[in-house]
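Just so it is clear: chains get the letters A, B, ... in the order the sequence lines come, proteins before strands, and each one is counted from 1. Note that these values count all heavy atoms, side chains included, but never hydrogens, waters or copies made by symmetry.
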Protein chains: 2
Amino acid sequence: MPRTVDHAERRAQIAEGLVRVAAREGLHAVTMRSVAAESGVSLRLVQYYFQSKAELVHGALRHLERQSEERWSARLARLPRPVSARRFVESFLSEALPTDERGRAFHLVWTSYAVLAMTDPDLAEQPFVEGPRRLERQLADVLRQAQADGELAEDRDASAEAARLLALNHGLGTSVLVGQRSAREAMKVVRYHLDRLFETPARTSD
Amino acid sequence: MPRTVDHAERRAQIAEGLVRVAAREGLHAVTMRSVAAESGVSLRLVQYYFQSKAELVHGALRHLERQSEERWSARLARLPRPVSARRFVESFLSEALPTDERGRAFHLVWTSYAVLAMTDPDLAEQPFVEGPRRLERQLADVLRQAQADGELAEDRDASAEAARLLALNHGLGTSVLVGQRSAREAMKVVRYHLDRLFETPARTSD
DNA sequence: CGGTTCGTGATACAGCGGTACCATATACAG
DNA sequence: CTGTATATGGTACCGCTGTATCACGAACCG
């Protein structure tokens with residue numbers, strides 16, 4: 001067969017095209033044709049690699065999710081040992097914030113999908129409850145480890161703190177995308193929060 | 001002229017229809033026809049009171065915004081004096097959270113619009129930077145008043161705290177809408193946050 | 001070497017959505 | 001009473017979008 005590129009690779013290429021279109025013009029501008037044009041393939045090819053639009057959208061979402069996971073793992077892996085929880089969390093959150101173009105696209109598309117999932121039951125189940133929930137657990141684990149290391153006060157509720165961090169970050173990210181504040185200002189709020197969280201070990205406060 | 005109902009009233013009626021459709025089936029399901037059906041008027045009437053779809057969408061957004069302001073004012077006005085900042089903030093945030101059906105619709109539609117505004121420059125300017133920005137200022141004022149009253153530690157940055165509260169609330173609201181957690185759990189996180197914020201006056205911590 | 005499967009192209013079709021146009025009824029001005 | 005502006009109904013049109021269909025080349029299998 002005339003396999004110039006791998007099947008999975010082509011699907012990824014098209015999925016990335018979708019992400020670019022969605023990031024630039026919004027998810028409502030995502031059509032079979034616009035994705036095809038953006039990916040540099042014909043309409044027929046999009047149809048071929050994704051049988052329906054629903055599957056295309058679904059596939060692109062999984063693509064995003066996979067990337068997100070890889071980023072988390074990579075970040076966790078290349079951290080200098082011993083790990084400073086404060087620095088890890090800060091760097092993680094700053095990446096989730098739309099600081100660069102890539103982060104902006106990621107956050108925007110993810111949020112678009114989340115809004116879709118609020119009404120479309122087909123999208124709801126899989127990524128939007130399991131993905132963030134897992135992320136929250138992992139973050140809570142990091143915080144618990146920080147408690148064991150004496151870096152975080154013992155009386156903190158690691159789960160609640162993780163939830164707080166992610167919700168805060170998401171909310172700030174949205175405010176940035178909407179143009180309410182700059183990414184720099186958002187980062188300042190994040191640091192303010194982290195200052196309260198990882199306070200001088202003497203005081204057991206936020 | 002055969003004015004059975006007031007012009008502004010009709011526009012409001014149609015706008016509410018739009019909000020219901022958007023809350024139930026998502027903003028992508030909002031069409032001239034679906035809004036007309038939901039509002040119990042003919043397609044022609046929607047066209048008549050809103051010349052284009054863009055204006056319809058825009059008008060409904062302003063409708064939502066106005067309602068939001070009224071709610072804020074009403075809440076602020078009917079508070080028992082003296083005002084407990086903690087209780088005020090908690091009740092305000094709980095309303096902004098999708099606890100009841102109305103709150104759910106409001107949050108969902110607002111978020112949908114926010115996502116739209118991220119790519120559509122026509123929507124961006126007006127409500128999505130000015131509205132929340134004003135809200136944040138008002139909230140910061142409440143917090144500053146609380147500081148003056150000795151209810152909130154002096155070393156807090158009222159602006160940052162207000163930003164934190166709103167971002168947190170928005171993030172939590174989204175997580176509720178996608179089904180990641182229940183409204184009850186979200187409220188617990190909010191209270192956790194507030195506990196840290198309004199700590200015993202002895203300690204100056206989060 | 002012939003067939004079958006995979007990959008790619010072009011295009012046709014049907015439905016839906018925004019908008020435009022025509023018509024009418026009611027109320028008020030003169 | 002007549003005309004004009006407001007308010008409402010019905011419907012046609014055109015473009016876009018998802019999907020289906022026909023067609024062809026290239027590789028692998030036997």
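- For the pair A/Y48 and C/dT8, the criterion of a side-chain N or O lying under 4.0 Å from OP1 or OP2 is not met.
- Taking atom CG of residue B/L27 and atom P of nucleotide C/dG17, one finds them 14 Å apart after rounding to whole Å.
- Computed from coordinates, the B/M32 CE to C/dA20 C1' distance equals 13 Å when rounded to whole Å.
- Listed nucleotides C/dG9, D/dT19, D/dT8 differ in distance to A/L43; the shortest reach to its side chain belongs to D/dT19.
- Atoms CZ (A/R44) and P (C/dC13) sit 17 Å apart, rounded to a whole Å.
- One interatomic measurement links the two molecules: NE2 of B/H28 to C1' of C/dC16, which rounds to 14 Å at whole-angstrom precision.
- No side-chain donor-acceptor contact under 3.5 Å links B/E151 and B/Q145.
- OP1 or OP2 of D/dT8 lies within a sub-4.0 Å distance of a side-chain N or O belonging to B/R10.
- You'll find a donor-acceptor pair under 3.5 Å spanning the side chain of A/R33 and the base of D/dG18, going by distance alone.
- Applying the 4.0 Å criterion to OP1 and OP2 of C/dT8, one finds that A/S42 has every side-chain N and O outside that range.
- A donor and an acceptor atom, one from each side chain of B/E130 and A/Q180, are nowhere located under 3.5 Å apart.
- Ring geometry for A/H7 against A/Y49 counts as tilted: the plane angle lies between 30° and 60°, on a 0 to 90° scale.
- Judged purely by distance below 3.5 Å, without hydrogens or angles, the side chains of B/R10 and B/Q13 pair a donor atom with an acceptor atom.
- Taking atom NE2 of B/H7 as the reference point, atom P of D/dA7 lies 7 Å away to the nearest angstrom.
- Atom CD of B/Q51 is separated from atom C1' of D/dA7 by 13 Å (rounded to the nearest Å).
- The interatomic distance linking A/Q47 (CD) with C/dC13 (P) rounds to 16 Å, in whole Å.
- Toward the 5' end of DNA chain C, the nearer of the two residues A/V41 and B/A54, judged by each one's closest nucleotide, is A/V41.
- For B/L56 and C/dG17, the CG to P distance is 14 Å, given to the nearest whole Å.
- Looking at the side chain of A/K53, the nearest of the listed nucleotides D/dT19, C/dC21, D/dC22 is D/dT19.
- Distances shorter than 4.0 Å separate some side-chain N or O of A/T31 from OP1 or OP2 on D/dG18.
- Side chains of A/R102 and A/Q67: a donor-acceptor N/O pair is present below 3.5 angstrom, by distance only.
- Between D/dA7 and B/Y49, no contact under 4.0 Å exists linking OP1 or OP2 to a side-chain N or O.
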